[in-house]
Amino acid sequence: GNGKKIWDTKLTVPTAIVLGGENKGIRPHIRRELDELVHIPIQGAVNSLNVSATAAVALFEAVRQRENRRT
């Protein structure tokens with residue numbers, strides 16, 4: 001995947017999560033505006049996640065990081 005792994009990214013700060021389509025990804029003019037690219041590592045027979053599954057994983061990771069920061 002492109003960029004670093006999502007769990008190696010600091011999501012405890014205000015964050016906008018931009019998701020690309022499965023076939024086309026993020027449009028180049030949008031991609032140029034992003035601070036960084038991250039990916040969700042996938043193992044096994046799965047090639048990619050659909051956008052709703054990707055959003056769920058990304059939001060879960062942001063919440064996990066923010067909850068861990070409070071303790």
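Residues passing the salt bridge (charged side-chain N to carboxylate O under 4.0 Å, His left out) test with Glu33: none are found, sequence neighbours excluded.
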Candidate pair Arg64 and Glu67, rule salt bridge (Lys or Arg N to Asp or Glu O under 4.0 Å), full reasoning: CA-CA 5 Å; Arg64 185 194 69 79; Glu67 288 295 321; over 6 Å; no

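The NZ atom of Lys10 sits 7.0 Å away from atom CZ of Arg69, with the distance rounded to the nearest 0.5 Å. To the nearest 0.5 Å, atoms CG (Leu37) and CD1 (Ile6) are separated by 12.0 Å. Within the model, atoms CD of Glu61 and OG1 of Thr15 stand 11.0 Å from one another, a figure rounded to the nearest 0.5 Å. The OG1 atom of Thr54 sits 7.0 Å away from the CD1 atom of Ile42 when rounded to the nearest 0.5 Å.
In this structure, Ala55 and Leu19 approach most closely via the heavy-atom pair CB-CD1, 3.5 Å.
With contacts defined as side-chain heavy-atom distances shorter than 4.5 Å, the pair Gln43/Pro41 does not qualify. Contact annotation: the side chain of Leu34 approaches that of Ile26 to within less than 4.5 Å [non-hydrogen atoms, C-beta and beyond].
There is no path of hydrophobic side-chain contacts, each under 4.5 Å, that joins Val18 to Val13. Clustering ILVMFWY residues whenever any of their side-chain heavy atoms sit less than 4.5 angstrom apart, transitively, puts Val63 in a cluster other than the one holding Leu11.
Residue Asn47 qualifies as open at atom CG: its count of foreign heavy atoms under 6.0 Å is 12 or below.
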